[in-house]
Structure formats: C-alpha cells, structure tokens
Amino acid sequence: MRQSLFCIGILVAFILVGCRGGGVAVTSLKVEMQENPQGVSVLTPRFSWQITSVNPDLVQQSYWIQVARSAEDLQQGKELVFDSKEVQSDQSVLVPYSGEPLQSKGVYYWRVKVITNQGATGWSEVKHWSMAFLNDSDWKASWIGEDSISNPNETDQGNTRLAARYLRKSFENKAAVKRAALYISGLGSYEAYLNGKRVAEDVFAPMPSWYPNRVYYNVYDVTSLLQEGTNTVGVKLGNGRYFGMRQSETMMFGLPRLLAQLEIEYTDGSAEVVVSDKSWKVTSRGPIVANNEFDGEEYDARLEFPGWESANYDDSNWKEADIMTAPAGKLTAQPNPNIQVQDEVSPVKITKRADGTYILDMGQNMVGWLKINNLTGKKDQPVRFRFAEILNPDSSLYLANIRSALVTDVYTPAKDGVFSWEPSFVYHGFRYVEISGLDYQPELTAFTGRVIYDKMETTGQFETSNQIINQVFKNAFWGIRGNYRGMPTDCPQRDERQGWLGDRATGCFGEAFVLDNASLYSKWMQDIEDSQSPEGSISDVSPRYWTIYNDDVTWPAAYFYGMKMLWKQYGDTNPIVKHYASMKRYLEHIQQVSMKDYILTKDTYGDWCMPPESQQLIHSQDPARKTDGAILSTTMYYSLLNLMTEFAEISGNKGDIPGYKDLASKIKEAYNTRFFNKDSALYGNNTVTANILSLQLGLVPEGYEAKVFDNIVKKTEIDFGGHVSTGVLGIQQLMRGLTQYGNVDLAYKIATNETYPSWGHMVKNGATTIWELWNGETADPAMNSGNHVMLLGDLLIWYYEDLAGIKSAPGSVAYKKLLMEPKFPQGLTHVKAAYKSAYGEIRSEWSKEGDIFSWDITIPGNTSALVRLPKELNLASPNQQGVRKVTENETMIEIELGSGTYHLSNSK
Ligand code: BGC
C-alpha cells in the first residue's frame with residue numbers, strides 16, 4: 001500500500017549566518033525599468049531593485065535611496081540631490097524619485113540599501129542615468145538632409161525607394177574631454193558614427209512614431225569615442241517609416257532628415273556644442289543605392305567611399321547640407337531601448353536549382369537579415385538575395401503570400417574576389433533565401449542570419465512532457481520577438497508590417513511571460529494616443545501609417561488591455577494615469593456613434609480568422625460559424641467599462657465610477673435580453689466565441705454560468721471534435737475559460753491537438769513560428785502569413801498561470817504575491833517553467849506520474865506565495881522554515897510560503 005506521506009524539504013543550502021544581514025543582497029538595479037538609461041525625460045524617475053538571500057522568507061522592511069551628481073559625491077554621501085533616508089516600506093519596484101528637481105542633460109548616480117527581516121544590506125553598487133533635454137530651447141541643431149530627389153533610381157511614387165543619405169561633419173576638440181553626449185534623431189532610420197566607430201549597436205533608430213505628433217530622439221554617452229584633435233561625426237540615413245515604403249498619404253512624411261547635437265564638456269570647465277546645420281556635408285551617391293523595408297536594400301560596392309565617417313576624408317565633392325523643415329511632431333526622448341541584433345542563426349542547408357540559383361535554408365522562420373561572410377563575387381555582377389517563408393513543391397521560393405513586397409537585397413561587387421556585407425536599413429521575415437549571381441556553390445559558413453528585435457530581456461522558459469506544447473512555445477518565442485519593430489507588428493514579411501491593435505489585446509500578457517515588453521508596450525500606448533482622432537476614434541493601426549477609424553471595439557480594446565497588462569504584469573500604473581483621458585474620450589465617442597439601445601452595433605472584423613468550413617478559404621462564409629459583430633463589440637465594450645472603473649480609481653477619477661457602473665449594468669441587461677436564450681443557455685447562434693466571451697467577460701446572468709459552459713464544451717466536442725472553433729476574439733478567453741470552469745482536459749486537448757485546426761497542426765506542417773490562419777498550409781495566399789502571433793490568444797497565459805501555476809494572487813500585481821495553483825490535465829506529466837518577474841525569477845517544476853507527485857518552486861525575495869493543491873495529492877501539513885501558514889479544507893490544502901526554494905512531494 002502506498003504510504004500517503006508528505007515531505008516538504010527546503011532544498012536551498014541553508015547557511016545559518018550569525019551576523020545581521022549576512023547573505024542578503026540588493027541586485028538588478030533599474031531606473032524606469034532599465035539599467036543605466038540615457039536620456040530619461042520623466043521628472044520623477046522610478047527606482048527598482050531585487051533582493052536576495054540564502055535564507056527563506058525574505059521581506060524588505062525599509063529602503064534608503066541616495067542620488068548625487070557624481071559617483072564620488074555619492075560614495076562620500078555628500079552633495080546629495082536626493083536622500084530618502086530610511087523609509088519604512090516593503091516597496092522595491094518603481095519607487096519614485098522625490099529629491100531636488102532634476103536638471104536637463106544631468107547625469108545622476110544612485111545607490112540603495114535595504115533593511116529586511118534578515119538584517120540590513122550595505123550600500124548597493126552605484127548605478128547611473130542621464131536626463132534628456134527637458135526644455136525645447138535646449139535644441140540648437142537644425143534638421144538637415146538633401147531636400148530633393150537627385151538620383152536616377154530614386155522615386156517617391158509607387159514602391160518608394162531612395163538611396164541612403166550620408167552626412168558628415170568634422171570639428172576640433174578644444175581641450176581634454178570630461179564628458180560628451182550625442183542627442184540625435186534621424187528620420188526614418190539612422191546609423192551614427194564618431195571617428196569611424198558606431199555610437200551604438202542600435203539599428204532602425206529611432207523608434208517609429210506618428211511623426212506629425214511625435215518624433216523620438218536618442219541620447220548616447222560618447223565620451224570614450226572622442227579623440228584629441230580632429231573628430232568626425234558621420235551619419236547614414238535610411239527611409240525607415242518616415243519616407244514610407246509605399247506612396248500613401250499616411251505613410252509618406254518626407255525625405256530623410258537628421259537632427260544631431262553633440263554636447264561636449266571639457267575638463268577645464270568649458271563646453272562646446274556641435275550641431276547639425278548647413279556646415280555639414282551630404283551625399284546620396286554612396287553604396288546604398290536603394291532601400292525600403294518592404295523591397296530590400298541594394299548595395300553597390302563600386303560606390304563605396306572608405307573612411308567617410310572618419311577625419312581625413314576628402315568630402316569636397318559632397319554637397320552642403322540642406323536645411324529641412326522640422327517635422328511637426330514634438331521632439332521626445334525615446335522612452336524605450338532601440339532595436340538590436342540579438343541572436344544569430346546558422347543556415348542548415350544549401351541546394352542548387354536547375355536554373356543556377358541556390359536556395360539557402362535557415363532552418364527557422366526568422367526576422368532580420370542575411371549577413372554575408374566571405375563570398376566570392378565577380379566585378380559588376382550583382383548577387384541577389386530574395387527572401388521567403390516557404391518553398392514551392394519544386395523548391396523555388398513561394399512568394400504569393402509576400403504580396404507586393406519585393407524582399408530582395410542586391411550586392412554588386414567592385415572587384416573580383418571575396419566580399420562580406422550586411423544591409424543597414426531593411427529586414428525580412430524568412431526561412432529561405434534564393435541566391436543568384438554566384439558562379440559557385442558557397443559553403444553554409446558564408447551566411448549568418450541576424451535576428452533583430454527591440455532590445456529586451458528574455459523573461460520566460462517553458463518546457464513540458466508534451467512535445468507539441470514545447471514546439472509551440474518555441475514558435476511563439478520566435479514569432480513574438482520577430483514582430484517587435486519598435487511597435488508590435490502583425491507580420492514581418494509581406495507589404496504590411498503594421499501595428500495592428502486587435503492582434504495584441506490579450507496576446508500582450510502572454511508575450512510578457514516570454515520577453516520583458518514593458519517599455520515597448522508603454523511606448524506603443526503613446527503611439528495609439530498620438531494616432532487618436534480629435535473626436536476620439538482609435539485607429540485600428542497605430543502609429544496610424546494606415547489610418548483606420550472604424551469605431552469598432554475589438555481592435556481598439558488593445559489600448560485598454562495593454563494598459564492593464566503593464567499594470568498587472570509590471571506594476572506600472574503611469575500609463576493608466578497618462579492615458580486615462582484619451583481612453584475615456586474613446587468610450588464616450590463610441591457611445592455616440594455605435595451604441596443603440598445599449599448594444600454596440602459597429603464591428604468590422606468579426607471573430608477574425610476563425611477556422612473556415614473549407615480549408616481553401618480565409619474567412620468563413622457559413623453564417624452558423626460566424627459570431628454576430630454586435631456580440632463581439634458589446635461584450636468587449638462591457639469589459640472596457642469594467643476596466644475603466646479600476647483605472648478611474650488608480651488615476652484619481654473616482655467620480656467617473658458610478659457612470660461606468662451604471663452604463664455597464666444597462667448594457668448587460670440589454671445584451672442578455674437581446675442575445676441570451678435562457679432556455680438553452682446560449683448566446684446568439686451558439687458559437688463558442690459568443691458563449692465564452694459572455695462568460696469570461698462577466699455578462700452571463702447569475703446562476704446560468706454552468707449551463708453556458710456546458711454549451712461551450714458540447715459545441716467544441718461534438719461539432720468540432722475537440723478542436724478550436726474560434727478566431728482571434730474567442731481565443732483570447734478560451735484556454736483560461738475552459739480551465740476555470742473545470743475542464744482543463746479539454747483545454748489540454750485543444751493545446752495538444754495535431755489535426756486541423758490547432759497549433760499542433762501548424763507544427764506538424766513544419767511551422768517554426770505561428771501562422772496567421774489555422775489553415776495556413778492551404779488557404780488563399782493573399783492573407784496567409786507564416787509569422788503572425790494573434791492566434792496565440794491566451795495560450796501562453798494558460799501555460800504559465802494554469803499549467804505552471806505562476807500567477808499573481810487576486811488583488812496583487814507584478815507577482816508581489818503569487819497564487820500557485822497548477823492544474824494537472826490527464827496526460828501531462830511534467831512542467832518546468834521560469835519567469836523573470838520585476839522581483840526576481842519565479843520557478844515552478846512539477847512532475848506527476850501515477851500517484852507520485854513532486855514540485856520544486858522558487859519564490860523571489862520580498863514576495864510570497866499562496867500554494868494551493870488538491871487534497872488528494874496527500875501532502876500533509878508542513879512545518880519548515882519559510883512556511884508561514886497551512887490550512888486545509890475537504891478538497892484543498894493551502895500553504896502560505898515566504899520567498900525561497902521549496903521541494904514539495906508526497907513520497908519519501
Ligand atoms: C493583418 C491582421 C490585422 C487584420 C485586421 C490583416 O491584414 O495582418 O493582423 O489585424 O488585417 O483587418
């Protein structure tokens with residue numbers, strides 16, 4: 001007979017320290033959620049840190065922050081501009097500065113120490129940040145460039161392509177340099193050099209924005225790049241999103257232009273400012289003869305001018321720079337990091353085709369570009385690289401789903417022999433590359449895939465005993481990072497690549513488990529506000545390079561849901577406060593234009609991309625499968641009103657709450673009268689989407705929840721054979737909904753299905769990312785990207801919250817208090833998950849084979865967890881250090897744990 005015994009042991013090596021605070025440390029110091037950020041424009045930046053200990057149950061009792069203008073002053077504790085003294089508080093995330101007013105361009109050094117229940121730490125290491133220009137009058141520079149199209153191949157019509165602009169300026173250093181900072185914006189994208197060296201690894205800087213309202217600039221400390229004597233600043237400008245990829249009113253803002261201001265402080269106390277102005281030189285006759293993000297980059301090595309970005313280059317045949325009009329948008333210090341190359345892929349195969357071209361297989365659908373390492377070319381013979389996600393059966397590139405994008409990079413050698421190259425201003429979404437113009441079969445080592453996305457930390461790892469789940473998680477990771485281009489985009493390969501809102505409403509939560517997307521999403525919330533119409537409409541694409549004011553609800557909802565994600569996932573309420581007025585304006589506007597008898601009538605996209613009846617279709621034509629648009633709009637609008645009651649509380653707008661509540665209850669009543677059939681407990685035409693949204697968003701009348709849920713289960717099992725039947729809307733609630741109402745086995749079936757429609761079906765068809773359509777292998781190519789993330793819905797949230805049991809407890813945000821309650825679907829025997837939260841890394845690894853159960857948990861310092869497990873697992877009351885409380889009822893055992901690493905099991 002199995003001994004039903006418990007055993008809870010603390011696995012951490014438990015070192016008893018005699019002295020106060022031994023083993024407690026402060027780590028991971030951040031300002032505005034970034035390490036040592038440059039160019040902060042927030043007047044009260046927020047500090048965050050993590051605390052660790054070798055002992056369990058670590059709680060911060062107070063903190064002490066100091067800030068000074070120099071590291072030396074700080075270390076000596078003098079001339080402090082902020083000295084919080086000891087503040088009794090357990091807050092260690094986003095603690096606001098409240099010292100002397102911060103100065104424009106100022107550099108600040110800071111440190112923190114904490115007192116915990118295990119003793120005090122000493123002062124932390126010293127970190128720093130710098131302030132941006134805080135006054136418009138700080139800008140002395142002018143926008144410069146070339147004010148007309150002057151090259152034969154350039155065009156602002158159709159596929160709009162330009163040669164890159166190269167700009168340069170030399171100046172003399174007057175004395176020894178103490179500090180130098182470059183304030184720079186280059187539209188669409190720039191690459192800056194000082195004395196021949198890149199000022200940063202950033203690419204596609206600055207971030208895209210709605211340029212008529214806002215233009216971002218970057219700040220770099222370039223002290224180490226300056227030299228004695230003559231110095232040279234060189235900048236390359238590409239089209240980016242400013243000289244857009246297609247001729248269109250909202251994608252074409254003007255010719256590229258540069259704004260640069262180099263502020264130098266000398267050790268003798270003097271200062272100098274070098275600004276972009278007419279004294280700079282410019283040319284567009286350089287090697288990048290064409291660039292545009294859809295169509296690719298053309299590089300003519302015969303036009304190279306080596307040394308252009310250093311001193312001693314003769315620029316006498318370059319033109320004097322033209323003064324360009326300043327873009328209308330407010331110059332704003334960019335709040336989030338730029339894009340960088342953050343991974344590399346080595347190709348797995350190269351094959352020769354009958355027509356003499358080669359097909360390179362990267363083994364992974366990736367986003368970035370191909371770097372060439374030592375290829376042998378022939379003078380004047382262009383080598384072409386064309387990019388695609390899949391191959392035709394005859395192994396040629398499948399380009400139908402790329403639409404009008406030309407996706408072709410071209411390199412023309414200046415001489416016979418070996419060359420190396422990578423483009424500067426284009427990216428592609430691709431797994432395969434067709435290479436033409438070579439006279440031999442190159443080695444695989446001649447190519448490297450350079451993977452680009454917004455600079456951010458990978459936060460999550462996830463692995464289970466199920467291989468489909470594991471591969472889907474990997475595909476999601478590749479898809480999510482591949483679609484971060486300074487904004488979350490819909491896709492990276494075809495002629496679209498836009499910030500479509502609807503794709504991200506719930507997805508943004510799941511993404512946060514995988515990548516630290518806080519700064520990116522805060523920035524995107526601003527893009528959405530900047531793209532709002534004066535009447536309050538939210539553009540379904542933001543920044544509104546495609547202006548789409550449909551006044552629907554389901555796509556704009558991402559604005560509200562993004563705000564909620566930043567709050568719940570990271571504890572950041574600033575975006576809510578900042579955007580409250582524009583959210584409110586949108587809600588009021590929608591009432592006027594779309595609400596009739598408390599039903600929201602306007603909807604554009606339906607339950608977008610639900611699995612259609614025929615695998616050749618994009619959208620279903622079958623009325624029985626389609627969910628009424630008014631159901632989608634009304635349920636989502638109702639959820640936004642509920643969110644707004646919380647946002648109103650947070651942002652000090654409590655007076656608005658009764659109005660939201662009143663409207664919400666009228667909508668609920670009207671909605672149920674119109675769409676709910678009480679006898680059969682179903683909504684509308686009984687689609688899973690209609691029922692699950694009503695249930696999960698709180699519209700089902702009390703007492704009917706179980707019956708509505710039964711309909712969801714029946715419909716899924718009987719009509720769809722245990723498969724997903726929803727599109728982008730229903731999928732946002734499906735996995736959590738099924739689990740919450742008690743059918744985790746059905747959720748698990750959906751998550752692990754290998755037949756159509758399912759994520760597993762994509763995997764079985766060779767997908768290495770997530771498809772736009774459930775039927776991505778057969779549907780009309782017009783809208784069939786291989787790298788969209790919207791169909792993930794709430795899948796990743798479900799992986800973490802329900803399978804791993806990593807979830808914030810009700811009432812808690814940012815995982816300050818965890819509710820760890822994993823679910824155990826039939827067939828799943830092992831889950832291993834990790835998530836780097838603002839407080840530190842949370843880990844959960846369980847295995848359950850037959851009756852044997854074990855679970856390893858790590859809870860970060862200064863947080864706690866409520867662990868909840870079914871009684872039948874036979875864990876008995878533990879009594880170890882870190883265990884704060886144990887309670888049991890008939891079905892559950894609940895254990896409150898402080899921070900630390902624990903091993904729970906039911907066997908000896
Ligand atoms: C995009 C989607 C987007 C949709 C809305 C598509 O072309 O790729 O992701 O949400 O349009 O209409």
Side-chain angles (χ1 to χ4, degrees), residues 208 241 244-246 248 250-251 293-294 365 367 389 400-405 407 427-429 475-476 479-480 482-485 487-508 510-511 524 527-528 531 537-562 602-612 617-620 626-627 629 632-633 636 689 726-732 762 767 769-776 779-793 795:
R241 299 296 173 107
M245 295 82 92
R246 293 289 179 268
S248 114
T250 50
M251 272 179 82
E293 290 182 18
F294 288 167
N365 196 12
V367 178
E389 294 182 303
N401 71 339
I402 307 287
R403 307 205 293 222
S404 81
V407 291
Y427 70 96
H428 307 286
N475 293 2
I480 293 163
N483 275 297
Y484 284 168
R485 192 257 178 262
M487 56 184 167
T489 62
D490 58 338
C491 58
Q493 72 298 81
R494 68 184 180 213
D495 53 0
E496 200 154 350
R497 312 184 190 190
Q498 301 292 333
W500 278 99
L501 270 64
D503 302 30
R504 303 292 176 155
T506 294
C508 63
E511 293 162 26
W524 195 43
D527 291 335
I528 297 174
S531 302
S537 287
I538 286 177
S539 174
D540 292 343
V541 168
S542 295
R544 59 181 179 92
Y545 303 141
W546 292 357
T547 302
I548 306 179
Y549 294 135
N550 276 333
D551 289 334
D552 44 42
V553 181
T554 54
W555 260 237
Y559 189 36
F560 298 73
Y561 279 54
K602 287 192 176 209
D603 179 65
T604 313
Y605 308 111
D607 189 17
W608 191 247
C609 298
M610 64 89 66
L617 289 172
I618 293 174
H619 297 298
S620 170
K626 289 189 185 176
T627 304
L632 303 173
S633 290
M636 289 296 270
T689 292
T726 72
V728 173
L729 268 298
I731 201 73
Q732 296 180 23
M762 299 177 191
T769 39
I770 307 293
W771 293 345
E772 178 173 23
L773 303 173
W774 293 115
N775 47 329
D780 185 333
M783 218 192 66
N784 199 355
S785 121
N787 196 356
H788 254 63
V789 291
M790 62 189 183
L791 285 184
L792 285 171
L795 182 71

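Just follow the structure's listing: the first ligand is 1, and inside any ligand the first atom is 1.
- Residues satisfying the ring-ring contact (aromatic ring centres under 6.0 Å, His included) test with Phe560, not counting sequence neighbours, are Tyr586.
- Judged purely by distance below 3.5 Å, without hydrogens or angles, the side chains of Glu389 and Asn787 never pair a donor atom with an acceptor atom.
- Partners of Trp771 under the ring-ring contact (aromatic ring centres under 6.0 Å, His included) rule, at least two apart in sequence or in another chain, do not exist in this structure.
- Met636 and Ala557 get closest at one heavy-atom pair: CE-CB, 3.7 Å.
- Contacts of ligand 1 (protein heavy-atom distance under 4.0 Å) are Asp490, Arg494, Glu496, Trp500, Asp503, Trp555, Tyr605, Trp608, Glu772, His788, Met790.
- Counting only residues at least two apart or in different chains, salt bridge (Lys or Arg N to Asp or Glu O under 4.0 Å) contacts with residues 490-501 comprise Arg403-Asp495, Arg403-Glu496, Arg494-Glu496, Arg494-Glu772.
- At least one side-chain heavy atom of Ile548 sits less than 4.5 Å from a side-chain heavy atom of Trp500.
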